[in-house]
Participant: 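For reference, the structure I am asking about is given below.
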Amino acid sequence: MNFESIRLTLSQYDTVWLHGDSIMEQTFYTLACLMNSSISTLPTEAELGGPGKMRWTPNLAEKGRLIEKFTYRHSRGSTEFRYSRYGIQWGLNDNLYKYDFPFAARSLTSNDIILTTGASSHYTPSKASQYEKALEFIASQSKLSNASIYLFEPSPEEWSTSNGQFTTSCMWRCGCETLTEERMKGHAKFITKDEAKDEQYRLKDGKPEAEFFQKLYPKMNMTELVHESCIPNCLPNSWRTDTLRKWENNNNSGMVYIVTIYWQLASIPNENSGRGIGGCTHRDLYGTELMISQWVWTILLDS
């Protein structure tokens, strides 16, 4: 998948509308770079000014609901790229994309396309059933839409816990770590020197929904989910992906196309692809570009 293939594929649409969180924000600005016809390869760190310059720093989190856009002009005419970020509550109080997503679903045509993450990384294990409801909401809107709707599969986190999942006491203090097969399956044990802070934050968001995870993982020992030493939540890193795949098999009517993001693709072997301390859920520029390529492959396969 080269950049010209990405441009040719996306230029067949009149509107490309991205909806979601800071991961979609990264994707939007990466697309703004990739759609530039003067770009043939991604710039190197040296070309961008040295180490660290390839790391994205989302800075829109405190600005609430926001819309950005740019226009890509081509031989067929033009394609407008839009990005809508929903408010700080991440949709838990606003029923996911309360305003822009339903409007886009109803107003766009068969010449348009929608991409979203489903806000998966913002649903913690204590609110796992709400993530499933978010998927159901996206599917219900897709039935009202003439546009094609694509949903990114959740990419794994790379925090310095044994399973890579986020814990509040790690924010702004932990570097990202390489994922392995064992870390994807591992039970959480927070790795830090500040035991008092870990104790303070370990179950701040509440315990996982035992009934939900009993259905998702019938063979799992549920006693671990309610034990106080569970930091952050004693679950496989893949639980959001597993939830999506189960939902897709059981409930998706085929109106929403799932973009499979293999964690081995998004996570560089023997390295991490996080953007740095405080951003182990986000990807660097190369990781984001790989995810966009996977999306375009999915479009081509579904055409």
Side-chain angles (χ1 to χ4, degrees), residues 16-34 52-70 81-101 104 114-125 127 130-131 134-135 138 150-160 164-168 170-177 179 205 232 237 240-241 244 259 261 263 265-268 272-295:
V16 178
W17 200 331
L18 281 61
H19 296 264
D21 53 14
S22 55
I23 294 174
M24 280 287 91
E25 177 189 338
Q26 288 182 290
T27 306
F28 174 80
Y29 287 117
T30 303
L31 277 170
C33 177
L34 299 187
K53 297 298 182 179
M54 297 298 288
R55 306 286 179 174
W56 287 98
T57 303
N59 58 6
L60 299 177
E62 302 304 321
K63 296 184 179 179
R65 185 164 159 260
L66 174 124
I67 300 176
E68 294 279 0
K69 62 183 178 180
F70 70 88
F81 287 77
R82 299 180 184 179
Y83 162 64
S84 291
R85 180 164 184 160
Y86 54 88
I88 298 172
Q89 293 300 313
W90 307 115
L92 294 179
N93 294 331
D94 274 352
N95 193 21
L96 197 59
Y97 315 119
K98 183 176 180 180
Y99 303 104
D100 294 12
F101 186 81
I114 294 172
L115 176 65
T116 180
T117 60
S120 57
S121 63
H122 293 282
Y123 293 94
T124 62
K127 298 181 174 67
Q130 293 192 42
Y131 174 50
L135 296 174
I138 292 171
Y150 286 80
L151 175 66
F152 266 155
E153 185 178 72
S155 58
E157 304 167 68
E158 297 178 342
W159 299 93
S160 56
Q165 286 191 64
F166 174 73
T167 187
T168 309
C170 203
M171 180 61 83
W172 310 122
R173 300 194 307 120
C174 300
C176 312
E177 294 190 0
L179 284 174
D205 194 56
N237 197 323
R240 296 181 182 89
T241 301
L244 174 63
V259 182
I261 304 298
W263 70 267
L265 175 68
S267 301
I268 303 170
N272 73 78
S273 63
R275 64 176 176 85
I277 292 177
C280 300
T281 303
H282 297 90
R283 303 296 169 195
D284 62 18
L285 181 58
Y286 289 113
T288 308
E289 185 269 330
L290 286 170
M291 291 169 69
I292 290 173
S293 297
Q294 191 67 23
W295 173 41

Participant: Run the side-chain contact (heavy atoms from CB on, under 4.5 Å) test on Ile138 and Phe101 for me, step by step, so that the C-alpha distance in whole Å, both residues' side-chain angles and the decisive distance to 0.1 Å come before the verdict.
Facilitator: CA-CA 9 Å; Ile138 292 171; Phe101 186 81; 4.0 Å; yes

Participant: Check the pair Gln130, His122 against side-chain contact (heavy atoms from CB on, under 4.5 Å), reporting the backbone distance first and the verdict last.
Facilitator: CA-CA 10 Å; Gln130 293 192 42; His122 293 282; over 6 Å; no

Participant: Out of curiosity, Thr30 OG1 to Met291 CE, how far, rounded to the nearest 0.5 Å?
Facilitator: 9.5 Å

Participant: Kindly compute the distance separating OH (Tyr83) from OG1 (Thr27), expressed to the nearest 0.5 Å.
Facilitator: 9.0 Å

Participant: Working to the nearest 0.5 Å, report the span between CE of Met24 and OG of Ser84.
Facilitator: 12.0 Å

Participant: Of Glu157, Glu153, Gln165, which meets side-chain hydrogen bond (donor to acceptor under 3.5 Å, both in side chains) against Arg240?
Facilitator: Glu157

Participant: How long is the straight-line distance from CZ of Phe152 back to OG1 of Thr116, given to the nearest 0.5 Å?
Facilitator: 10.0 Å

Participant: Quick check: closest heavy atoms across Asp21 and Ala119, and the distance to 0.1 Å?
Facilitator: OD2-CA, 3.9 Å

Participant: For Gly175 and Cys280, which heavy atoms make the closest approach, and how far apart are they?
Facilitator: C-SG, 3.9 Å

Participant: Could you pull out all residues at least two apart from Thr241 that satisfy side chain to side chain donor-acceptor pair (under 3.5 Å)?
Facilitator: none

Participant: Kindly write out the residues that satisfy ring-ring contact (aromatic ring centres under 6.0 Å, His included) with Tyr131, not counting sequence neighbours, or none if the list is empty.
Facilitator: Tyr123

Participant: As an exercise, state the distance from CZ of Phe28 to CG of Leu115, rounded to the nearest 0.5 Å.
Facilitator: 12.0 Å

Participant: Nearest 0.5 Å please: distance from the CG atom of Leu244 over to the CG atom of Leu135.
Facilitator: 6.0 Å

Participant: Go through the steps for Trp295 and Ile261 under the test side-chain contact (heavy atoms from CB on, under 4.5 Å), then give the verdict.
Facilitator: CA-CA 9 Å; Trp295 173 41; Ile261 304 298; over 6 Å; no

Participant: Glu289 and Ser293: side-chain donor and acceptor closer than 3.5 Å?
Facilitator: yes

